[in-house]
Each structure stands twice: as structure tokens, then as C-alpha cells.
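Scroll down for the structure; my scribbles are underneath it.
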Amino acid sequence: GDSVTQMEGPVTLSEEAFLTINCTYTATGYPSLFWYVQYPGEGLQLLLKATKADDKGSNKGFEATYRKETTSFHLEKGSVQVSDSAVYFCALIRAGGSYIPTFGRGTSLIVHP
Amino acid sequence: NAGVTQTPKFRVLKTGQSMTLLCAQDMNHEYMYWYRQDPGMGLRLIHYSVGEGTTAKGEVPDGYNVSRLKKQNFLLGLESAAPSQTSVYFCASRDRDRYNEQFFGPGTRLTVL
């Protein structure tokens with residue numbers, strides 16, 4: 001079945017550091033890929049998405065590129081802020097059927113001033 | 001628009017008690033979902049609904065029941081709560097034709113003693 005694997009956290013960085021959170025997936029066909037962010041005490045919010053190979057999703061300084069050859073969708077940001085501290089979830093939706101998303105386990109990011 | 005709202009925000013139950021979690025959305029979405037979030041497990045789908053009067057089982061349905069009597073509401077019931085059901089519960093909804101964008105509620109934190 002479909003699966004999403006994320007790097008384990010927490011990831012701890014200083015403000016203005018470069019961020020990478022790795023995400024790889026297993027799915028048949030051509031899934032759409034997503035990053036969601038969950039701030040403390042809140043629900044998940046869609047951060048960015050990519051629907052086909054080589055697409056780059058971007059939002060709020062974050063970006064991720066759909067790499068079909070490596071089945072990856074790594075999240076990056078050039079300069080993190082304290083306000084980026086949150087849990088980040090990678091997810092996929094495979095076209096057809098019920099379009100139910102498959103989520104990774106989440107990666108906690110802690111940014112220190 | 002309020003988006004997706006959940007009631008209550010917090011609840012403590014004793015083993016064997018019953019309760020109902022309410023999810024409401026004002027976006028006229030056809031699809032609604034109930035997830036549970038446990039540490040290190042990501043989000044796991046409990047039940048979902050593709051329209052008023054219809055429900056289906058997700059990955060972890062045992063011990064839960066759901067009802068979708070009105071399009072805007074999706075209820076999650078625990079008939080006899082168990083400590084293993086201690087979790088944070090999230091509701092989500094989406095438009096039928098926009099499969100790649102789910103909207104999440106703020107969550108209900110449930111503790112079963």
C-alpha cells in the first residue's frame with residue numbers, strides 16, 4: 001500500500017539556519033504530494049503541494065520539489081524563524097478511488113532565537 | 001466563515017463512559033473525515049463520509065461509530081471509552097472536486113482514565 005516516510009525529529013535549529021526535512025514515498029501511479037504544518041494547539045494547515053513530477057510547491061519561504069526518480073518531496077527553507085516552530089507532515093493522495101490522504105508521522109521543528 | 005469547528009476542545013472520560021464529538025463545517029463540503037493523532041503515529045483515519053447519510057470505515061474504526069445526518073455535521077461516537085482511545089481527534093472536510101485540499105478543525109483532546 002501507499003506509505004510516506006519522514007525523518008524523525010525533533011529538528012532543532014537556530015534562527016536563520018537552513019532547513020531540510022526529508023520525505024520519501026511509496027505509491028503506485030502518480031500521486032499528488034503535500035506538506036502540512038501544525039502549529040501548537042492547532043489543526044493541520046496545507047503549506048504547499050505539487051501534483052506532478054518536477055513541480056515545485058512553495059509558500060511562506062518554504063519549498064519542495066516533486067522528484068519522481070527518487071520518490072522524494074523534501075521540504076526546505078533558506079532561513080527559518082522562531083515562528084516556524086511546528087510539526088510538519090508530508091502526505092500523498094493517489095488519484096482514483098476515495099482520494100484519502102496518506103500522512104507521514106510528522107517531524108517536529110524547534111527554532112531557537 | 002468559521003471553517004471547520006469541533007466541540008468540545010477538551011474532555012476527560014472514565015473507562016466505559018460514552019461521548020460524542022461534533023464536527024461542523026460551513027463550506028458546503030461533501031467529504032468529511034475523522035482522524036486520531038497519537039505521538040509518533042501521525043494521523044490515522046477513523047471514519048469518513050462522502051456525503052449526507054453515508055459513512056465508511058477508515059484505517060482504525062474499531063470502538064467508534066459515526067453519523068452524517070446533515071451535510072454540515074459529522075459526529076464521532078465512543079460507546080464505551082477505553083484508555084487506548086486517549087488521543088487528539090481531528091476532523092477535516094473537503095470539496096468533492098478539490099481532492100487535494102483538506103481543511104482541518106482545531107482538534108479535540110480526549111483523555112480516558
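Naming convention: chains lettered A, B, ... in sequence-line order (proteins, then strands); numbering from 1 in each chain.
Highest contact tally toward chain B, considering only A:Gly106, A:Gly104, A:Pro101, is held by A:Pro101 [criterion: heavy-atom pairs under 4.5 Å]. Between chain A and the residues B:Glu101, B:Lys9, B:Gln37, the most heavy-atom pairs under 4.5 angstrom are made by B:Gln37. Note: B:Gln102 leads B:Gln102, B:Arg109, B:Met41 in heavy-atom pairs under 4.5 Å with chain A.
Residue contact with chain B, scored on non-hydrogen atoms closer than 4.5 Å, is absent for A:Ser108. Contacts of B:Phe103 with chain A are absent, with no heavy-atom separation under 4.5 Å from either backbone or side chain. In this structure, no portion of B:Glu59 lies under 4.5 Å from any heavy atom of chain A. Interface residue A:Leu44: backbone and side-chain heavy atoms are both found under 4.5 Å from chain B.
Classification of the B:Tyr33-B:Tyr35 ring pair by plane angle, with boundaries at 30° and 60°, yields parallel. Aromatic ring pairs are classed by plane angle as parallel below 30°, tilted from 30° to 60° and perpendicular above 60°; the pair A:Tyr88 and A:Phe62 is tilted.
For the pair A:Ile21/A:Met7, a side-chain contact is recorded, criterion being any heavy-atom separation below 4.5 Å from C-beta on.
Between the CG atom in B:Leu13 and the CZ atom in B:Arg11 there is a gap of 5.0 Å [rounded to 0.5 Å].
For the pair A:Asn22 (side chain) and A:Gln6 (backbone), a donor-acceptor distance under 3.5 Å is absent.
The heavy-atom pair separating A:Val37 from A:Ala86 by the smallest distance is CG2-CB, 3.5 Å.
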